[in-house]
S.K.: 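Sending over a structure as structure tokens; questions will come in a sec.
Ligands are counted one by one from 1 in listed order, and the atoms in each one are counted from 1 as well. The shown structure was predicted, so the numbers you read here are calculated from the model rather than taken from an experiment.
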Amino acid sequence: MSDVFDAGSEHEQVVFANDPATGLKAVIAIHSTALGPALGGTRFHPYATTADAVQDVLNLSRGMSYKAALAGLDLGGGKAVIIGDPATLKSEALLRAYGRHVQSLGGRYYTACDVGTFSVDMDDIARECDFVTGRTVAHGGAGDSSVLTAYGVFQGMRAAATVAWGGPSLDGRVVGVAGVGKVGHHLVRHLVEVGAQVVVSDVNAAALELVREEFSQVRVAASTEALVAAQLDVYAPCALGGAITDEVVETLSARIVCGAANNQLAHPGIEKALEERGILYAPDYCVNSGGLIQVADELEGFSFDRAQQRATGIFDTTLRVFELAAADGVPPAIAADRLAERRMREVGRLRGMWLPRA
Ligand SMILES: NC(=O)c1ccc[n+]([C@@H]2O[C@H](COP(=O)([O-])OP(=O)(O)OC[C@H]3O[C@@H](n4cnc5c(N)ncnc54)[C@H](O)[C@@H]3O)[C@@H](O)[C@H]2O)c1
């Protein structure tokens, strides 16, 4: 990366946090606070270079602004990365040192769990910092955010079915779920409950076994490639990013793509290829915002019912995305960006109206 100011030209603030004694090297990126304090998880990952870490945190924090805006939350977008292998580097002292850096931002950035960090880590960070979500249930937190992430994806899928087939029912539809980890597993449950025929794939035999134990009717594909090539009505990528490649678009028989994974489209332009093949793509950050909704609810004192009610709104939001896509003649991924940008602009503008301090 040549220049962090060029790479993060849209970002408000990028903070490098250093504590040699504990080995902490973190980068916190605040993309936008147009709608409220930036919220996003802390990823703990052994990046090959600092430049890789910076690029990742810039991309991820930008994505959080769009996700929060489209979900109707009064939150901006931020994200943090801690550079290193969590298995060897993570310690109470490091997490608390990181917490003090987050605290120094005075509430402009709230953290949460991400790859490599867990609710118990958030409890450690919170010993030094007031701006932490994703905490354990014992500490008033929302616990595992994959519950409402899966629920939201299910709502998005019902909305996509409404556009594709004239009604939200998934009864009898063949749904391929690639990746049955935390989110995929819960999604399979929702699908089985409404009578969908579910086929799954995973690279982890234990994850597949858990699904087979709970839902004996679920079929297992030999591989994710085999799943993609199978006769499907819906394809739900719930593993890693970049799942929708040119080859996958060519191969898919599914009418709908709707899954939990972040950054599903392998490169810009894939959204057009999907449209040309008549595949309805439910934008990833639109349908997977249930987890963000769940942890954001902690800021008001967590209520599962209230958070679930808000996540139910993902059905209507996804429909609005498809409606705007049809009206503007653009793929749904572009329509989602337009709706999110519109809200950041129209609601964010109100902060320009001066009010006396409370
Ligand atoms: N957990 C959340 O609340 C949440 C919220 C928003 C988005 N997401 C995204 O959803 C996705 C799943 O998240 P998760 O929390 O369930 O993660 P997870 O790690 O629990 O599950 C991912 C699963 O995918 C499997 N996998 C990896 N490569 C695969 C491949 N090539 N084919 C099939 N399976 C493969 C893994 O073995 C694992 O079982 C991730 O992309 C994550 O970023 C999660």
Side-chain angles (χ1 to χ4, degrees), residues 39-45 56 59-61 63-64 66-68 70-71 73 77 79 81 86 112-119 122 133-134 141-157 176-190 198-212 214 218-230 235-245 247-248 257-266 282-298 304 307-308 311 314:
L39 193 153
T42 300
R43 183 164 294 192
F44 205 140
H45 183 73
D56 205 28
N59 292 342
L60 291 165
S61 56
M64 292 308 294
Y66 280 75
K67 192 183 291 199
L70 195 58
L73 297 168
K79 200 90 180 184
V81 295
C113 304
D114 196 74
V115 177
T117 57
F118 301 89
S119 292
M122 296 304 123
T133 65
D144 180 3
S145 66
S146 61
V147 175
L148 286 189
T149 301
Y151 177 72
V153 171
F154 175 62
Q155 296 304 331
M157 206 180 280
V177 180
V180 282
K182 293 188 291 293
V183 180
H185 190 103
H186 291 303
L187 180 61
V188 169
R189 180 179 308 111
H190 290 300
V198 182
V199 195
V200 301
S201 72
D202 202 295
V203 291
N204 179 351
L208 288 172
E209 195 48 43
L210 271 180
V211 167
R212 289 302 304 269
E214 200 177 335
V218 166
R219 284 182 288 142
V220 176
S223 65
T224 297
E225 291 71 31
L227 180 71
V228 166
Y235 178 51
C238 294
L240 307 176
I244 309 297
T245 60
E247 297 75 50
V248 168
V257 170
C258 176
N262 280 313
N263 304 325
Q264 284 169 34
L265 305 183
D284 44 19
Y285 73 81
C286 173
V287 301
N288 75 11
S289 62
L292 174 62
I293 289 170
Q294 183 168 332
V295 295
D297 196 85
E298 284 179 39
F304 183 82
Q308 185 172 35
I314 292 172

S.K.: Can any side-chain N or O of Ser61 pair as donor or acceptor with the backbone N or O of Gly77 at less than 3.5 Å?
M.R.: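 Answer holds: no.
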
S.K.: When you measure from the side chain of Asp284 to the backbone of Gln264, do you find a donor-acceptor pair of N or O atoms at a distance under 3.5 Å?
M.R.: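 Yes; at least one donor-acceptor contact below 3.5 Å.
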
S.K.: Going by the atom numbers of ligand 1, which of them fall below 4.0 Å from some non-hydrogen atom of Asn204?
M.R.: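 Close to Asn204: 37 (O).
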
S.K.: Measure the distance from atom 13 (O) of ligand 1 to every protein heavy atom, then report the residue, atom name and distance (to 0.1 Å) of the closest one.
M.R.: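 Atom 13 (O) of ligand 1 sits closest to the protein heavy atom Val183 CG2, 3.9 Å.
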
S.K.: Just by modelled atom types, is the Val180 backbone N or O under 3.5 Å from a matching donor or acceptor in the Asp202 side chain?
M.R.: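 Answer holds: yes.
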
S.K.: Where the closest heavy atom to atom 41 (O) of ligand 1 is concerned, which of Ala239, Ala221, Ala260 has it?
M.R.: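 Shortest heavy-atom distance from atom 41 (O) of ligand 1: Ala239.
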
S.K.: Examine distances only and state if a side-chain atom of Glu298 and a backbone atom of Ala142 form a donor-acceptor pair shorter than 3.5 Å.
M.R.: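 Present.
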
S.K.: Locate the shortest heavy-atom distance separating Cys238 from Leu187; write the atom from each residue and the value.
M.R.: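 That closest heavy-atom pairing would be SG-CD2, 3.8 Å.
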
S.K.: Angle class for the Tyr285/Tyr66 ring planes (parallel below 30°, perpendicular above 60°, tilted otherwise)?
M.R.: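 Correct class here is perpendicular.
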
S.K.: Using non-hydrogen atoms of the residue, decide whether Cys238 is closer than 4.0 angstrom to ligand 1.
M.R.: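 Distance cut 4.0 Å: Cys238 passes for ligand 1.
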
S.K.: Quick one: nearest non-hydrogen protein atom to atom 17 (O) of ligand 1, plus distance?
M.R.: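 Of every protein heavy atom, Lys182 NZ, 4.0 Å lies nearest to atom 17 (O) of ligand 1.
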
S.K.: Look at atom 32 (N) of ligand 1 and find which of Asp202, Thr224, Leu210, Leu240 reaches it with the closest heavy atom.
M.R.: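 Nearest heavy atom to atom 32 (N) of ligand 1 lies in Thr224.
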
S.K.: What protein heavy atom sits nearest atom 2 (C) of ligand 1, and how far off is it?
M.R.: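 Ranked first by proximity to atom 2 (C) of ligand 1 is Thr149 OG1, 3.5 Å.
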
S.K.: Just jot down the ligand 1 atoms closer than 4.0 angstrom to any heavy atom of Gly179, in number order.
M.R.: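 Per the distance check, 24 (O), 33 (C), 34 (N).
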
S.K.: Taking Thr117 for its side chain and Thr42 for its backbone only, find out whether a donor-acceptor pair lies under 3.5 Å.
M.R.: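 Pair found, side chain donor or acceptor close to backbone of Thr42.
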
S.K.: Taking only heavy atoms of Ser145 into account, list the atoms of ligand 1 that are under 4.0 Å away from them.
M.R.: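 Taking each heavy atom of Ser145 in turn, ligand 1 has 2 (C), 3 (O) under 4.0 Å.
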
S.K.: Would you please indicate if the ring centroids of His186 and Tyr151 are separated by under 6.0 Å?
M.R.: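 They do not qualify: ring centres at least 6.0 Å apart.
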
S.K.: Identify, by atom number and element, the atoms of ligand 1 in contact range of Ser146, meaning under 4.0 Å from any of its heavy atoms.
M.R.: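 Per the distance check, 1 (N), 3 (O).
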
S.K.: What atoms in ligand 1 come closer than 4.0 Å to a heavy atom of Gly181?
M.R.: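 That gives atoms 16 (O), 20 (O), 21 (O), 23 (C), 39 (O) of ligand 1.
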
S.K.: I'd like the name of whichever of Val203, Val200, Asn288 reaches closest to atom 28 (N) of ligand 1 through any heavy atom.
M.R.: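 When every heavy atom of Val203, Val200, Asn288 is considered, Val203 comes closest to atom 28 (N) of ligand 1.
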
S.K.: Judged by atom type as modelled, is there a donor-acceptor pair below 3.5 Å linking the side chain of Gln294 to the main-chain atoms of Thr149?
M.R.: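 Side chain of Gln294 to backbone of Thr149: no pair is present.
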
S.K.: Could you tell me whether Asn262 approaches ligand 1 through its side chain, its backbone, both or neither, with non-hydrogen atoms closer than 4.0 Å?
M.R.: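 It is both backbone and side chain that touch ligand 1.
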
